[in-house]
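Got a structure here, written out as structure tokens. Questions coming.
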Amino acid sequence: MASFARLIRLTVGAWAFLLVISVAGPSSAQQINPTASSVKEQQLLQELDRIQGRVSIPDQRSGVLEQPAGREWREFRNVTLRWVGGVAILGVLAALVIFYLSRGMVRLEIGRSGRTIVRFTAFERFVHWMTATCFIVLAISGLNITFGRPLLLPLIGFEAFSEWSQWAKYAHNYLSFPFTIGVVLIFLMWIGGNIPNKVDVDWIKRGGGLVGHDHPPAYRFNAGQKAIYWIVVVGGVLVAATGYELMFPFYLSGIEGMQLAQMIHSIVAVLFVAAMLAHIYIGTIGMEGAFEAMGAGTVDVNWAKEHHSLWLEEQNARTGDARSQPAATLAE
Ligand code: HEM
């Protein structure tokens with residue numbers, strides 16, 4: 001009898017043991033099999049393009065743990081952008097140095113007449129310099145975001161870099177407003193003289209007088225200046241629209257839209273900087289007498305004759321012959 005009871009106890013014990021193993025077995029295998037869970041993660045990524053959890057704070061976007069497009073964006077941000085920006089900016093700088101060393105300053109060939117003519121009003125110059133000042137600060141503070149960490153941080157250390165970057169970021173945010181107003185005013189002020197026409201085709205064919213000593217005719221703005229005008233208007237609108245999207249995150253779009261805005265903003269910005277370097281060159285050391293136009297607001301009549309002959313004719317027709325009037329009246 002005793003041995004029968006022992007047999008029953010053994011049988012029940014064996015069944016209980018088997019039951020425990022059959023329940024615990026599969027789940028413990030699932031916990032320790034890393035491949036099983038990563039396959040699921042991979043499937044999730046493929047099917048949903050992201051891995052998202054649930055969070056208790058109101059902003060549900062913070063529950064996104066993995067977004068493959070984010071890796072591609074980071075690669076663009078840390079590698080492609082730096083290459084495009086570096087090559088564009090240093091490439092234009094190198095081209096300008098070579099051009100200056102081989103061509104030198106474009107001189108006034110017939111010398112100064114001693115008489116001047118008004119080229120830009122005080123209001124036009126104010127708008128130009130306000131926009132230009134904002135642009136330079138925006139460019140330096142923006143380039144600090146792109147290149148500061150690898151280039152500046154090792155030179156000045158963490159504390160100075162974070163202090164400078166904070167101020168640069170404030171400047172980038174706040175100066176965006178006068179810059180945008182400036183771009184709108186530039187568009188309205190100078191659209192009249194910047195519509196492309198047949199004269200521009202001839203001007204381009206003759207190399208704009210930059211190569212050799214030719215002086216192709218031009219109205220108030222030549223084809224090169226028109227190109228700069230449209231770069232400022234189109235580039236300005238693009239950096240402003242995408243910049244405000246970045247400044248007010250997630251108001252207009254989700255994460256993909258923010259990534260696209262950053263890509264457009266940064267690429268347009270670095271190309272914009274490269275183009276403006278050429279503009280600054282020709283307005284300063286590249287051409288004799290050009291800076292006065294935006295500095296004092298007047299240019300020598302002979303300068304106008306060489307570079308904007310059709311504009312000078314228009315002005316003469318409107319105000320009487322510039323060549324026969326004293327400088328003071330013309331420049332008033
Ligand atoms: C209305 C005008 C503009 C606005 C609202 C604006 C706004 C912004 C914002 C919010 C950022 C992101 C900053 C961050 O990551 O913390 C940024 C980055 C940047 N901005 Fe602007 N910006 C404007 C104009 C410009 C201009 C004119 C330039 C250059 C000439 C420029 C160059 C850059 C550059 C290079 C970056 C860094 C891109 C990167 O490496 O991620 N921005 N801007």
Side-chain angles (χ1 to χ4, degrees), residues 61 67 69-93 96 127-154 161-188 227-281 283:
R61 282 178 299 250
Q67 184 224 15
R71 277 184 224 128
E72 283 152 34
W73 173 75
R74 193 174 52 207
E75 174 74 8
F76 163 82
R77 168 70 182 71
N78 292 344
V79 183
T80 317
L81 171 63
R82 285 178 181 154
W83 271 103
V84 173
V87 169
I89 294 172
L90 295 179
V92 168
L93 269 180
L96 290 174
V127 171
H128 173 273
W129 288 119
M130 178 189 76
T131 318
T133 312
C134 293
F135 180 87
I136 291 168
V137 179
L138 286 166
I140 293 171
S141 52
L143 291 176
N144 181 59
I145 299 170
T146 311
F147 295 105
R149 190 175 270 269
L151 297 185
L152 193 60
L153 174 68
F161 181 70
S162 64
E163 183 77 11
W164 141 251
S165 295
Q166 188 187 355
W167 285 107
K169 179 69 182 116
Y170 284 143
H172 202 88
N173 281 1
Y174 287 109
L175 288 188
S176 69
F177 298 104
F179 173 77
T180 308
I181 295 170
V183 169
V184 172
L185 289 176
I186 283 176
F187 170 70
L188 296 173
I228 291 293
Y229 172 86
W230 287 109
I231 287 171
V232 169
V233 170
V234 175
V237 167
L238 285 175
V239 288
T242 52
Y244 291 125
E245 191 173 346
L246 293 173
M247 206 190 284
F248 301 102
F250 300 113
Y251 273 87
L252 293 175
S253 67
I255 187 77
E256 289 88 355
M258 294 284 298
Q259 285 161 346
L260 185 65
Q262 189 279 340
M263 289 165 89
I264 296 173
H265 189 82
S266 54
I267 286 288
V268 172
V270 291
L271 298 179
F272 206 167
V273 171
M276 286 305 118
L277 288 175
H279 171 67
I280 295 168
Y281 167 82

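Both ligands and their constituent atoms are indexed starting at 1 by order of listing.
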Note to self: So which atom in A139 and which in V273 form the shortest heavy-atom distance, rounded to 0.1 Å?
What the structure shows: CB-CG2, 3.8 Å

Next item on the list: Keeping waters out of it, list the protein N, O or S atoms under 2.8 Å from atom 21 (Fe) of ligand 1.
Entry: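 Protein N, O or S atoms closer than 2.8 Å to atom 21 (Fe) of ligand 1: H172 NE2, H265 NE2.
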
Checklist line | Distance filter under 4.0 Å to A240 heavy atoms, resulting ligand 1 atoms | finding: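 Counting atoms of ligand 1 from 1, those under 4.0 Å from A240 are 1 (C), 2 (C).
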
Item checked: Closest heavy-atom pair and its distance - I267, F76 ->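 Smallest interatomic distance, heavy atoms only, reads CG1-CZ, 3.6 Å.
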
Next item on the list: Just do the side chain to side chain contact (heavy atoms under 4.5 Å, CB included) check on F147 and L152 with the steps written out, would you?
Entry: CA-CA 8 Å; F147 295 105; L152 193 60; over 6 Å; no

Item checked: Residue F179 vicinity, atoms of ligand 1 by number, heavy atom under 4.0 Å ->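 Those atoms are 2 (C), 27 (C).
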
Next item on the list: May I ask you to list the atoms of ligand 1 that are less than 4.0 angstrom from any heavy atom of V273?
Entry: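 Answer for ligand 1: 30 (C).
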
Next item on the list: For Y229, check ring-ring contact (aromatic ring centres under 6.0 Å, His included) against everything at least two apart and list the hits.
Entry: none

Next item on the list: Below 4.0 angstrom from a heavy atom of F135, which ligand 1 atoms are there? Numbered from 1 as shown, please.
Entry: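 So the atoms of ligand 1 that pass are 27 (C), 30 (C).
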
Just list the side-chain donor-acceptor pairs under 3.5 Å for residues 175-188, sequence neighbours left out, or say none.
| residue | atom | partner | partner atom | Å |
| --- | --- | --- | --- | --- |
| S176 | OG | N173 | O | 2.6 |
| T180 | OG1 | S176 | O | 2.6 |
| T180 | OG1 | Y244 | OH | 2.8 |

Check: Are K169 and S141 close enough, and set up right, to give a side chain to side chain contact (heavy atoms under 4.5 Å, CB included), and what steps lead you there?
Finding: CA-CA 6 Å; K169 179 69 182 116; S141 52; over 6 Å; no

Margin query: Checking a contact table here: which protein heavy atom is nearest atom 14 (C) of ligand 1, and how many Å away?
Written below: K169 CE, 3.8 Å

Next item on the list: Please answer whether the main-chain N or O of G70 pairs with a side-chain N or O of R74 as donor and acceptor at a distance below 3.5 Å.
Entry: no

Check: Touching ligand 1 at all, Y244? Heavy atoms, strictly under 4.0 Å?
Finding: yes

Next item on the list: Start with the C-alpha gap between L81 and Q262, add the side-chain angles, then the distance that decides, and say whether side chain to side chain contact (heavy atoms under 4.5 Å, CB included) holds.
Entry: CA-CA 10 Å; L81 171 63; Q262 189 279 340; 4.1 Å; yes

Margin query: Considering both backbone and side-chain atoms of T180, is one of its nitrogen or oxygen atoms within less than 3.5 Å of a nitrogen or oxygen in ligand 1?
Written below: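 Checking ligand 1 against T180, no N or O pair falls under 3.5 Å apart.
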
Next item on the list: Examine the proximity of ligand 1 to M276 and report which part, side chain or backbone, both or neither, has a heavy atom under 4.0 Å away.
Entry: neither

Checklist line | Shortest protein heavy-atom distance from atom 39 (C) of ligand 1, along with the residue and atom involved | finding: Q262 NE2, 3.3 Å

Check: Looking at W167 versus Y170, is the centre-to-centre ring distance below 6.0 Å?
Finding: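 When the ring centroids of W167 and Y170 are compared, they turn out to be within the sub-6.0 Å range.
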
Item checked: Test side chain to side chain donor-acceptor pair (under 3.5 Å) applied to W129 - qualifying residues, sequence neighbours left out ->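 W129: no side chain to side chain donor-acceptor pair (under 3.5 Å) contacts found.
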
Check: Short list, please: which atoms of ligand 1 are under 4.0 Å from a heavy atom of M247?
Finding: 5 (C), 10 (C)

Item checked: Derivation of the side chain to side chain contact (heavy atoms under 4.5 Å, CB included) call for V92 and M276 -> CA-CA 10 Å; V92 168; M276 286 305 118; over 6 Å; no

Check: Between CZ of F161 and CG of L151, what distance do you get to the nearest 0.5 Å?
Finding: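 Answer for the CZ-CG pair, F161 versus L151, is 9.5 Å.
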
Item checked: Atoms in ligand 1 flagged as close to A139, the criterion being non-hydrogen separation under 4.0 Å ->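 Atoms satisfying the 4.0 Å criterion: 29 (C), 30 (C).
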
Margin query: Using heavy-atom distances only, which candidate in T146, N78, L81, L271 approaches atom 37 (C) of ligand 1 most closely?
Written below: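 The nearest heavy atom belongs to T146.
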
